[in-house]
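Note that the numbering runs from 1 along the sequence shown for the chain.
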Amino acid sequence: MRISPLQSALLALAFAKEVTRIPRPALQRFLWESEDEKALRHRLSQLVYQANQTADQKIFEAAGEHIRVNRDAVDCDVDDYSSAVRSGDFEKAWNMLERGFLSACNYRRTSAFVDWIEEQRIVKRSLLRRAALSAWEEAEAAQEWSLARRSAEVLLHLDPREETILRRVMRARVLAGQVREAEAVYRTFAERVDPSGGQWTPERATTTLLRNVQDLLHDPIADSRAAADRSPLPPLVGRRAELTELTRSLFEPRPNAGWRTIAVHGEAGVGKTRLVREAISSARFRGYRVMEASAVQLERKILLGPLLDPLSDPWVLPFSRTLDEPWRSSMLALVPELQQGSKPLHDPSPPRGGELSRHTCDAFLRLFTRIAESQKTILSVDGFQWMDEASIAVLQFLRRRWQRGEMTLLVTFCEEELRLGTSVARFIREEELRRSTTSIHLTALDDMAAVKLARSVAPENSHHSLAVIARAAGGNPRFVIDLATTNGAPPGRSSSDMAVPPSVRRLVTRRLELLDDDARKVVCGLAVVGNGASLDRLRVIADSTRAECLDALDTLHRLRLVDWAPEGIAFRHEIFRHAVYQQIHPSRRSVLHARTARLLYRASGDSALIEAARHYRLAGESRHASICAH
Ligand SMILES: Nc1ncnc2c1ncn2[C@@H]1O[C@H](COP(=O)(O)OP(=O)(O)OP(=O)(O)O)[C@@H](O)[C@H]1O
Ligand SMILES: [Mg+2]
């Protein structure tokens with residue numbers, strides 16, 4: 001279709017905005033510079049007629065003082081552009097913007113039309129800028145760095161000489177794990193704004209950021225961490241709200257410096273460590289110092305282990321040197337790495353047994369205060385439930401006497417492994433009562449997120465298998481990953497023939513070790529009889545009294561193994577039942593199956609009989625099984 005310049009100008013004016021009619025005077029003013037209203041009215045009607053003729057359809061229609069526009073008749077790139085911006089496809093929108101919308105329109109006869117074209121260009125650019133900016137803000141709050149990077153890159157296309165945007169792109173690159181690319185972005189920017197070199201002085205924030213990036217590139221520890229990070233961690237799914245809350249509590253500006261605690265808790269494998277890692281990955285770039293510690297069950301007896309670990313990093317050395325005696329010697333006695341090049345005044349002799357002198361606690365307080373005064377600091381302790389008594393005593397001391405410097409204690413703990421009455425449990429309860437404490441409870445992933453996670457680690461599985469896996473894992477991310485990778489599930493696989501992955505077996509073994517005889521009898525009984533048992537039925541199978549059974553269920557509930565719902569008593573996750581079942585000695589299993597079968601045989605109904613037959617078979621009593629079956 002060949003269209004005249006005037007027709008193309010009319011199309012441009014009509015389709016630039018998402019409207020269905022345009023006032024005649026506006027069109028006339030843009031297209032012709034003449035005062036003769038009557039003549040212009042006639043010319044516009046003629047133009048509308050010709051345009052419809054050329055297109056062979058009714059694109060325009062005269063309607064009194066307006067020209068109506070039939071938007072369905074024409075595919076319009078401006079509409080595509082708007083929908084690309086709206087749906088967040090910023091690269092596509094940018095490409096369209098760069099190609100230009102009105103390149104085919106060479107009508108330039110009035111200055112009003114030329115100005116209008118320029119205005120459209122600005123409007124379209126600012127539409128994209130606004131959308132990319134708000135996407136950046138959202139992605140930054142949710143720590144979705146690859147999304148944040150894409151938004152920032154489009155912003156940089158739009159303002160290629162803007163240093164604040166350069167910094168955003170660099171930060172997003174680093175936080176998305178692309179440190180080398182962050183440096184490359186800086187180089188490209190420098191070449192663009194200063195091709196001959198020597199004319200451009202970057203802002204201080206840009207230089208500091210570049211230095212941080214280069215430090216990361218040449219820091220062997222960060223390198224090895226980055227290498228570890230490259231190991232295939234599945235992408236984070238769900239957790240948007242929790243991550244936003246954690247990031248906000250960690251980084252929101254505080255009117256008064258001081259101490260505060262943030263606790264992330266939930267059952268084992270639910271994703272506490274992962275969430276914290278995601279949140280603190282941006283801390284350094286936000287100007288925070290992060291000290292990472294972790295407490296391990298087997299090292300509970302090592303005095304102060306989790307606190308001394310991060311203090312042995314070389315950067316602590318200058319801070320320890322500024323301590324007065326006798327505190328410096330106290331710290332040196334505890335952390336031999338701090339002795340480098342400086343002789344302690346007193347003979348360093350580490351504290352013995354579980355005793356901690358007030359003196360040692362004071363030394364910790366002074367050192368941590370020095371550190372936090374120089375830079376806002378996050379002390380992150382993973383697996384807090386395994387902290388030794390001495391470390392807790394030190395933290396309690398710091399907490400009570402903290403005066404200067406911004407310090408955040410960020411801990412993760414697993415409630416069911418927190419032993420009531422211990423000093424760790426008391427510390428956590430005390431902290432949770434304070435207003436300044438944030439407590440984030442992680443629950444299982446919802447179905448959609450769990451299936452998405454399963455698909456990301458085992459993409460070859462059918463949707464049905466992934467859904468079975470997600471359900472059997474009860475939405476616990478560790479179990480989802482392990483089940484999906486252990487059970488290369490053929491389509492249609494049910495949860496009953498699923499292999500129990502080692503992580504679940506370990507966890508269940510650990511929990512079983514904490515049980516007394518009564519609780520163990522009940523949990524084994526439940527594994528045999530199956531989910532949905534009533535208290536009375538379970539009591540008979542476990543061979544316990546009602547009171548014993550209730551006590552046992554209390555313990556099992558506290559350890560997050562078993563829940564008691566209106567439909568009956570059940571394992572928290574189906575896969576726990578398999579794990580417990582597999583740990584019962586076969587002879588004991590037979591006894592339990594036989595007891596269950598007898599109970600069901602006495603109950604009425606066909607389904608009970610079928611079940612009884614199944615239990616007799618599993619008990620090895622095939623004669624009884626066939627009696628039930630007939
Ligand atoms: N939201 C998530 N998206 C994707 N993967 C996740 C998510 N949450 C956790 N994971 C993965 O699940 C596994 C277990 O998570 P993580 O180690 O954080 O659990 P945890 O709660 O700290 O467990 P524990 O109590 O044993 O310390 C890890 O491989 C982690 O990367
Ligand atoms: Mg963890």
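- In this structure Trp94 satisfies the ring-ring contact (aromatic ring centres under 6.0 Å, His included) test together with His157, sequence neighbours excluded.
- Side chain of Arg274 to backbone of Pro477: no donor-acceptor contact under 3.5 angstrom is found.
- Partners of Ser4 under the side chain to side chain donor-acceptor pair (under 3.5 Å) rule, at least two apart in sequence or in another chain, do not exist in this structure.
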Verdict with supporting geometry, Glu574 and Asn531, side-chain hydrogen bond (donor to acceptor under 3.5 Å, both in side chains): CA-CA 8 Å; Glu574 176 64 11; Asn531 288 335; 2.9 Å; yes
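- Leu27 has its side chain out of reach of Trp32: every pair of non-hydrogen atoms, C-beta onward, lies at least 4.5 Å apart.
- Heavy-atom minimum distance, Val451 versus Ala467: CG2-CA, 3.9 Å.
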query: What's the verdict on side-chain contact (heavy atoms from CB on, under 4.5 Å) for Leu6 and Leu31, showing C-alpha distance, side-chain angles and the deciding distance?
result: CA-CA 8 Å; Leu6 202 51; Leu31 296 174; 4.2 Å; yes
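- Proximity of a side-chain donor or acceptor of Thr110 to a complementary backbone N or O of Phe30 within less than 3.5 Å is detected.
- Atoms OG and CD1, from Ser503 and Ile575 in turn, are 9.0 Å apart once rounded to the nearest 0.5 Å.
- For the residue pair Ser380 / Glu292, no side-chain donor-acceptor distance below 3.5 Å is found, with atom types taken as modelled.
- Of the candidates Arg572, Arg478, Arg560, Arg572 is the only one forming a side chain to side chain donor-acceptor pair (under 3.5 Å) with Glu267.
- Annotation: ring-ring contact (aromatic ring centres under 6.0 Å, His included) contacts of His441 (sequence neighbours excluded): His265.
- Look at Lys272 and Asp382 and you find no salt bridge, because none of the NZ, NE, NH1 or NH2 atoms lies under 4.0 Å from a carboxylate O.
- A donor-acceptor pair shorter than 3.5 Å can be found between the side chains of Thr206 and Arg167.
- In this structure, Arg204 places its CZ atom where only 12 or fewer heavy-atom neighbours from other residues, nucleotides or ligands lie under 6.0 Å away.
- Contact of the Thr438 side chain with the Glu245 side chain is registered, since non-hydrogen atoms from C-beta on lie closer than 4.5 Å.
- Distance check, rounded to the nearest 0.5 Å: CD of Glu153 to CD of Glu91 gives 7.5 Å.
- Between Arg455 and His463 there is a side-chain heavy-atom pair separated by less than 4.5 Å.
- Applying the side chain to side chain donor-acceptor pair (under 3.5 Å) rule to Thr408 yields the partners Arg254, Arg260; only residues at least two apart in sequence or on another chain are considered.
- Checked for salt-bridge contact, Arg239 and Glu242 meet the test: a charged N lies under 4.0 Å from a carboxylate O.
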- prompt: Yes or no on salt bridge (charged side-chain N to carboxylate O under 4.0 Å, His left out) for Glu140 and Arg168, after CA distance, side-chain angles and deciding distance?
  reply: CA-CA 10 Å; Glu140 188 192 30; Arg168 281 182 192 173; over 6 Å; no
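- No side-chain heavy atom of Val411 sits less than 4.5 Å from a side-chain heavy atom of Val264.
- With hydrogens and angles disregarded, no donor-acceptor distance shorter than 3.5 Å links the side chain of Asn52 to the backbone of Lys58.
- Electrostatic pairing of Glu37 and Arg41 does not count as a salt bridge here, judged by no charged N lying under 4.0 Å from a carboxylate O.
- In this structure, the side chain of Asp159 does not engage the main chain of Arg161 through any donor-acceptor pair within 3.5 Å.
- Phe15 is listed as a side-chain neighbour of Val69, based on a closest heavy-atom distance under 4.5 Å.
- For Asp446, there are no side chain to side chain donor-acceptor pair (under 3.5 Å) partners two or more places apart in sequence or in a different chain.
- Remark: Arg289 CZ is packed, more than 12 non-hydrogen atoms of other residues, nucleotides or ligands lying under 6.0 Å away.
- Ser462 and Ser465 share a side-chain donor-acceptor pair at under 3.5 Å.
- In this structure, a donor-acceptor pair under 3.5 Å is absent between the side chains of Glu406 and Thr377.
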- prompt: How far apart are the C-alpha atoms of Phe60 and Asn70, what are their side-chain angles, what is the distance that settles it, and do they pass the side-chain contact (heavy atoms from CB on, under 4.5 Å) test?
  reply: CA-CA 6 Å; Phe60 302 110; Asn70 177 7; over 6 Å; no
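- Between the CG atom in Leu40 and the CG atom in Leu47 there is a gap of 11.5 Å [rounded to 0.5 Å].
- A 4.5 Å side-chain heavy-atom check between Leu158 and Leu97 finds at least one atom pair inside the cut-off.
- Looking only at distances, a side-chain donor or acceptor of Arg192 sits under 3.5 Å from a matching main-chain atom of Pro160.
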message: If you apply the rule side-chain contact (heavy atoms from CB on, under 4.5 Å), what do you find for Glu138 with Leu147, and how did you get there?
response: CA-CA 9 Å; Glu138 248 179 59; Leu147 205 70; over 6 Å; no
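- For an aromatic pair to be called close, the ring centres must be under 6.0 Å apart, and Tyr288 with Phe251 satisfies this.
- Side chain to side chain, Trp136 and Ser134 fail the donor-acceptor criterion of an N or O pair below 3.5 Å.
- A search for ring-ring contact (aromatic ring centres under 6.0 Å, His included) contacts involving Trp200 returns Tyr186, Phe189, not counting sequence neighbours.
- Contact check on Glu61 versus Arg21 returns no salt bridge, with no Lys/Arg side-chain nitrogen under 4.0 Å from an Asp/Glu carboxylate oxygen.
- A donor and an acceptor atom, one from each side chain of Arg471 and His573, are nowhere located under 3.5 Å apart.
- One finds the CZ atom of Arg150 at 9.0 Å from the CZ atom of Phe90 (value rounded to the nearest 0.5 Å).
- Contact annotation: the side chain of Leu250 approaches that of Ile378 to within less than 4.5 Å [non-hydrogen atoms, C-beta and beyond].
- For the residue pair Thr261 / Glu431, a side-chain donor-acceptor distance below 3.5 Å is found, with atom types taken as modelled.
- Evaluated for a side chain to side chain contact (heavy atoms under 4.5 Å, CB included) with Val213, the options Glu181, Met170, Arg173 yield exactly one hit, Met170.
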query: Checking salt bridge (charged side-chain N to carboxylate O under 4.0 Å, His left out) for the pair Arg180/Glu183: CA distance, chi angles, key distance, verdict?
result: CA-CA 5 Å; Arg180 234 164 265 290; Glu183 200 193 25; 5.9 Å; no
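- For the atom pair CD1 of Ile59 and CZ of Arg68, the computed distance is 15.5 Å after rounding to the nearest 0.5 Å.
- For the pair Asp194 (side chain) and Gln199 (backbone), a donor-acceptor distance under 3.5 Å is present.
- With rounding to the nearest 0.5 Å, the separation of NE2 in His66 from OG1 in Thr20 is 9.5 Å.
- The closest side-chain heavy-atom distance from Leu379 to Leu410 is not below 4.5 Å.
- The heavy-atom pair separating Pro234 from Ser456 by the smallest distance is CB-OG, 3.7 Å.
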message: One pair to check against side-chain contact (heavy atoms from CB on, under 4.5 Å): Ser87 and Lys92. What are the steps and the verdict?
response: CA-CA 10 Å; Ser87 66; Lys92 178 175 174 190; over 6 Å; no
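- Shortest non-hydrogen contact noted between Ala279 and Leu246 is CB-CD2, 3.6 Å.
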